[in-house]
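Just so it is clear, the structure is predicted and the values come from calculations on it, not from any experiment.
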Amino acid sequence: ALANTVRKYITPLWLERRKKLVEHRQKTAYYFSIEFLPGRMLETNLLNLGILDTVKDAFAEMGVDFTAVKNAEHDMALGNGGLGRLAAAFMDSLATTGYPGFGNGIRYRYGLFKQRIVDGYQIEIPDDWFGRLGNVWETRKDHDIVDVKIFGNVYLRANEEGRIVPVYENSKTLRAVPYDVPQIGFGNDNVNNLRLWDVEIPEEYELDYPTIEARRRVQDITAILYPDDSSHGGKELRLIQEYFMTSAGLQTIIKSYLKQGRPLKDIHEKVSVHINDTHPAVAPAEFMRLLMDEYGLEWADAWNATVKTMSYTNHTILSEALEKWPEEMIKQLLPRIYQIIVEIDRRRTAELLPKVGATLVHNTRIIKDGQIHMANLSIIGSHSTNGVAKLHSDLLKDVELHDFYEIYPERFNNKTNGIADRRWIQIANERLSGIIDETIGKSWRHDLDELKLLKNFKNDEKTLEQLQKAKLDDKLRLAAVIKEQNGITVNPDAIFDVQVKRLHAYKRQLLNALHILKLYFDLKDNPELDRVPRVFIFGAKAAPSYHYAKSIIKVINEIANMINNDQAIK
């Protein structure tokens, strides 16, 4: 009921925002990401609209527990870790800073998975976040439904005007249905849009899906984030997922742009498409397909528009995390995309060979050793590649993508990841926010640079005492959660040493566990060591097929059992 009231409250703002963007023909950025992790949106939306305290007061008057209402909302399980949280933080930030920036992703039915720890092992069960409520924030937009083609054969032939056009045979058609979720700016009445795509079988193509199994395979496209790709079928499903979301998003972006009556070859002047990691990396090839096959642009104009429209964030220097698809799989699944990728690779090779030589060209080709390298396609088909921290961006230039940097030095830059302070200070830590308000006023809530005013109080005993008290209160709150969820009593006066992130070899949870063992054995050897008590807290999910990571979860739990039950350690 509260969510519906809020939706009615923001609808006029949402429509007004859309109207202004159209009237002023503002350039719009579209953020393509396989993950979005906004968490529960109720409290954030109330805060951003400036009515959080009003609602809390009203509920208190009615004798309704606001916390219970807040907790009834399911976490929107559309993401997994840093990638999805960054995408959601950008959505929040774009709306708050007033930029027209829209999201494009998938409306997963089950999200990642719900983790249960049984006998120290991770057990995965489906996260039915939709539950009985569904997604209370979304609006289905039937007028923007588009079709996406996969499989079949494609051959080229001349049409009546002598243009070479593709002819599709035996392809399968999927219907992409958009659901829009408002992204509300903080205190400014701006409402941007997060578009999530669901899949349906078009009535006119039902005969293509004659069995329950065939229909279920279609439903699986938007069932879960990161289907297990240890089998051929799992890999295929991931690729279809990525293409489905990317194609649907690009189709509606082009249709929206054309309403301005401007030439399609200049689309980059009003549209920016951002590729968040390699999952939507098929975007440059799909954009080329749409511009040429659907709208008749010549290759040179289409390629110029594509490179100037696309930009790419690289999230890792681990080569195994940079997506590569078997050439045969792309050829079978996305035949026209395969033809376009081959042609991009061929033209680029011919153009660059005399300029930079065979070694650099070979090292940076899209198609190598029977595989299609999606990061290479993203860099070649865009005008900007960024890392997510200065050190990371420097490593990309100097090591991992050095050959690309030699060819396109102007394309590389850094964008250090940030956080949404509204969620992490104003909502998660109300006590701290209140103390900051009392100390320096409220302007920091709109401008984080104002926090530097706190430096004036670094020796003020009263302020320092208040901050310590707030910190202790938060530790007591966390201790209560740990007691409730894990049945373990922890010491709130101890140092809380926390590592919460996806469980992965390179994130070094095992190194942390070995450090804990080192401290433990030191204390066993000398129980009188002068040590500040510590509580180590881990939060992590391991991918279902990542056995190494799952074994580390078991190791951490066994270390915990040993230490927590050792009376000598206290």
Side-chain angles (χ1 to χ4, degrees), residues 30 32-36 76-80 84 87 102-113 126-131 134-135 137-152 168 170-181 193-229 233-255 279-283 286 289-290 294 325 329-330 332-337:
Y30 296 89
F32 279 50
S33 180
I34 202 83
E35 294 187 35
F36 287 90
M76 216 185 276
L78 305 171
N80 151 45
F102 293 3
N104 190 83
I106 293 178
R107 182 182 182 253
Y108 301 106
R109 178 72 179 76
Y110 288 104
L112 189 65
F113 60 82
D127 182 4
D128 188 12
W129 72 278
F130 251 57
N135 181 358
W137 302 110
E138 69 182 14
T139 306
R140 181 181 164 118
K141 292 293 176 76
D142 280 341
H143 64 275
D144 273 345
I145 286 174
V146 292
D147 286 348
V148 175
K149 281 185 166 59
I150 53 173
F151 291 113
Y168 291 78
N170 306 318
S171 59
K172 292 263 197 302
T173 302
L174 304 168
R175 187 139 289 166
V177 181
Y179 290 78
D180 288 354
V181 181
N193 195 31
L194 167 58
R195 173 155 284 184
L196 302 171
W197 293 97
D198 206 351
V199 68
E200 292 179 4
I201 293 169
E203 214 173 297
E204 60 270 36
Y205 296 110
E206 278 189 318
L207 290 175
D208 289 346
Y209 307 97
T211 64
I212 293 291
E213 286 71 30
R215 295 181 82 89
R216 195 166 286 141
R217 277 198 294 274
V218 172
Q219 289 165 355
D220 282 349
I221 293 168
T222 56
I224 56 167
L225 171 66
Y226 299 135
D228 182 358
D229 63 350
K235 272 195 180 71
E236 214 172 64
L237 179 57
R238 273 203 193 196
L239 180 55
I240 292 171
Q241 244 186 10
E242 294 176 8
Y243 179 69
F244 172 78
M245 162 196 106
T246 306
S247 175
L250 292 176
Q251 285 185 59
T252 51
I253 287 167
I254 292 173
K255 282 178 180 168
H279 313 107
V282 72
E286 173 63 7
R289 183 190 76 79
L290 291 166
E294 303 291 324
W325 296 106
M329 186 180 280
I330 295 234
Q332 179 201 2
L333 219 73
L334 311 172
R336 180 62 179 138
I337 291 300

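- Judged as a ring-ring contact (aromatic ring centres under 6.0 Å, His included), and not counting sequence neighbours, Phe244 has no contacts.
- Contacts of Arg336 classified as salt bridge (charged side-chain N to carboxylate O under 4.0 Å, His left out), with partners at least two apart in sequence or in another chain: Asp293.
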Solution key, residues 206-214 side-chain donor-acceptor pairs under 3.5 Å, sequence neighbours excluded:
unit_1 : atom_1 : unit_2 : atom_2 : d
Tyr209 : OH     : Thr173 : O      : 2.9
Thr211 : OG1    : Ala214 : N      : 3.0

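- Checked against side chain to side chain contact (heavy atoms under 4.5 Å, CB included), Asp127 has the following partners two or more places apart in sequence or in another chain: Ala77, Lys114, Trp129.
- For Ile337, the side chain to side chain contact (heavy atoms under 4.5 Å, CB included) partners at least two apart in sequence or on another chain are Tyr243, Val282, Ala285, Glu286, Arg289, Leu334, Ile341.
- The stretch residues 172-181 participates, sequence neighbours left out, in these salt bridge (charged side-chain N to carboxylate O under 4.0 Å, His left out) pairs: Lys141-Asp180, Asp147-Arg175, Arg175-Glu204, Asp180-Arg195.
- Looking at residues two or more places apart in sequence or on another chain, you find a side chain to side chain donor-acceptor pair (under 3.5 Å) between Tyr179 and Arg140.
- For Gln251 (side chain) and Leu290 (main-chain N/O), no donor-acceptor pair under 3.5 Å exists by modelled atom type.
- Taking the side chain to side chain contact (heavy atoms under 4.5 Å, CB included) definition, one finds that Gln332 meets it with Phe151, Glu236, sequence neighbours left out.
- Residues passing the side chain to side chain contact (heavy atoms under 4.5 Å, CB included) test with Arg109 are Asp128, Phe130, sequence neighbours excluded.
- Residues meeting the side chain to side chain donor-acceptor pair (under 3.5 Å) test with Trp325, sequence neighbours left out: none.
- Counting only residues at least two apart or in different chains, salt bridge (charged side-chain N to carboxylate O under 4.0 Å, His left out) contacts with residues 237-254 comprise Asp229-Arg238.
- Using a 4.5 Å cut-off on side-chain heavy atoms (C-beta onward), Tyr110 and Tyr108 make no contact.
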